[in-house]
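Okay, structure first, notes after.
As the structure is a computational prediction, the values presented were derived from the model and not from experiment. Residue indices begin at 1 and follow the sequence shown. Reckoned from all heavy atoms, side chains included, excluding hydrogens, waters and symmetry mates.
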Amino acid sequence: MSEVNTPFPKLKLTVVKVEGQCYHGYKAGDELILEDFTHPPKFFCLGLAHALFPVIYALSFGSCFPFRDNQRSLLVTCPDGGKLEFKAEILDKDGKVQNIPKDHNWKGPKPKKMLIEVVKAKGKCSFGYKVGDRWETTGLKCIPGFCGAAFHCAFPALFALNFGAKFFFMENPDSIDTVTCPDGGDVVFKVSRVEEKK
């Protein structure tokens with residue numbers, strides 16, 4: 001494949017800190033461009049990709065981080081001993097970094113109420129999940145007793161929705177109903193941000 005045909009924005013990663021030897025040889029100031037959140041550059045570190053994915057997924061769907069000088073950016077630490085720190089940013093159609101200045105009225109985290117529900121089920125699920133099963137959580141809190149593999153797959157959506165993402169291709173952009181079990185795809189979950197009634 002030589003070209004990426006995607007509706008999603010490009011992202012820029014900048015190495016902002018190095019504390020130890022990186023097997024990939026990344027150095028402070030290095031910049032990497034991702035064609036979108038699903039296409040890392042050639043020879044990209046998969047450990048970093050694993051830690052980075054929820055962040056670039058969230059940024060790609062409009063999440064903002066009000067505590068950052070640029071709300072459309074976030075720092076991500078290398079999962080291998082914290083040797084490196086990267087700044088992830090979204091690029092606009094002209095290739096410039098999107099910038100929304102820090103929210104000086106931000107008073108600390110406001111975790112959102114989240115709902116995970118089974119919308120499709122076939123075959124055998126080790127946890128016995130079936131259509132209609134539902135779990136509530138707040139922000140990024142783990143759900144006691146919930147399948148770890150399923151939570152791992154749901155986490156990027158939880159992270160994105162907690163910071164204001166909108167899934168423009170969904171009927172309800174405050175949810176995504178394609179979070180699929182990695183074990184045979186037998187169970188599909190819907191993850192939703194539940195707006196609190198005022």
Side-chain angles (χ1 to χ4, degrees), residues 1-2 4 6 8-92 95-103 106 108-112 114 137-144 146-165 176 179-183 191:
M1 178 167 45
S2 59
V4 176
T6 174
F8 306 116
K10 290 187 177 187
L11 298 112
K12 176 178 160 186
L13 298 179
T14 306
V15 180
V16 294
K17 185 170 67 175
V18 178
E19 294 180 351
Q21 182 190 355
C22 168
Y23 304 121
H24 287 264
Y26 296 138
K27 301 177 296 306
D30 283 354
E31 293 180 353
L32 304 164
I33 301 298
L34 283 66
E35 290 299 313
D36 70 6
F37 72 91
T38 69
H39 293 85
K42 192 173 182 182
F43 304 120
F44 193 67
C45 172
L46 289 182
L48 173 61
H50 177 76
L52 181 68
F53 186 79
V55 171
I56 60 176
Y57 183 79
L59 286 168
S60 296
F61 290 104
S63 290
C64 289
F65 302 93
F67 48 88
R68 297 277 304 144
D69 286 340
N70 174 7
Q71 294 186 51
R72 296 289 284 138
S73 71
L74 196 62
L75 297 175
V76 179
T77 305
C78 164
D80 183 14
K83 295 173 185 173
L84 290 94
E85 187 172 59
F86 293 79
K87 178 170 59 173
E89 300 170 291
I90 285 285
L91 300 179
D92 65 19
K96 297 193 182 330
V97 171
Q98 286 183 3
N99 190 357
I100 298 175
K102 182 176 186 172
D103 179 356
W106 187 70
K110 293 183 181 131
K112 308 294 187 286
M114 303 288 192
T137 191
T138 304
L140 308 177
K141 288 184 178 175
C142 295
I143 300 167
F146 191 72
C147 170
F151 192 81
H152 173 77
C153 291
F155 183 79
L158 290 167
F159 186 82
L161 288 166
N162 192 60
F163 288 100
I176 184 164
V179 175
T180 306
C181 168
D183 183 12
V191 181

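Asp183 meets the salt bridge (Lys or Arg N to Asp or Glu O under 4.0 Å) test with no other residue; sequence neighbours excluded. Asp80 pairs by the salt bridge (Lys or Arg N to Asp or Glu O under 4.0 Å) definition with Lys83, not counting sequence neighbours. Applying the ring pair (Phe, Tyr, Trp, His ring centres under 6.0 Å) test to Phe44 and every residue at least two apart in sequence or in another chain returns nothing. Residues satisfying the side-chain hydrogen bond (donor to acceptor under 3.5 Å, both in side chains) test with Gln98, not counting sequence neighbours, are Arg72.
Cys142 approaches Phe151 most closely through the heavy-atom pair CA-CZ, 3.8 Å. Here the closest non-hydrogen pair linking Asn70 and Ile100 is OD1-N, 3.0 Å. When every heavy atom of Met114 is checked against every heavy atom of Asn162, the shortest pair comes out as CE-N, 3.1 Å.
The shortest side-chain heavy-atom distance between Phe65 and Leu59 falls under the 4.5 Å cut-off. At least one side-chain heavy atom of Pro41 sits less than 4.5 Å from a side-chain heavy atom of Leu34. When side chains are defined from C-beta on, Lys12 counts as touching Val97, because their heavy atoms get closer than 4.5 Å. Using a 4.5 Å heavy-atom threshold, the side chains of Leu13 and Leu52 count as touching. At least one side-chain heavy atom of Val191 sits less than 4.5 Å from a side-chain heavy atom of Leu161. Residues Trp106 and Pro109 meet the side-chain proximity criterion, which asks for heavy atoms closer than 4.5 Å.
With rounding to the nearest 0.5 Å, the separation of CD in Gln71 from NZ in Lys102 is 10.0 Å. Summarising the geometry, atom CD belonging to Glu35 is positioned 10.0 Å from atom CG belonging to Leu91; distances are rounded to the nearest 0.5 Å.
Sorted by first then second residue, the side chain to side chain donor-acceptor pair (under 3.5 Å) pairs that include residues 16-28, not counting sequence neighbours, number zero. Judged as a side chain to side chain donor-acceptor pair (under 3.5 Å), the pairs with a partner in residues 56-69 (not counting sequence neighbours) are, in order, Arg68-Ser73.
For the pair Lys110 (side chain) and Gly108 (backbone), a donor-acceptor distance under 3.5 Å is absent.
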Report the C-alpha distance between His152 and His50 in whole Å, list the side-chain angles of each, state the deciding distance to 0.1 Å, and finish with yes or no for side chain to side chain contact (heavy atoms under 4.5 Å, CB included).
CA-CA 11 Å; His152 173 77; His50 177 76; 3.0 Å; yes

Could you walk me through whether Thr6 and Phe37 pass the side chain to side chain contact (heavy atoms under 4.5 Å, CB included) check?
CA-CA 10 Å; Thr6 174; Phe37 72 91; over 6 Å; no

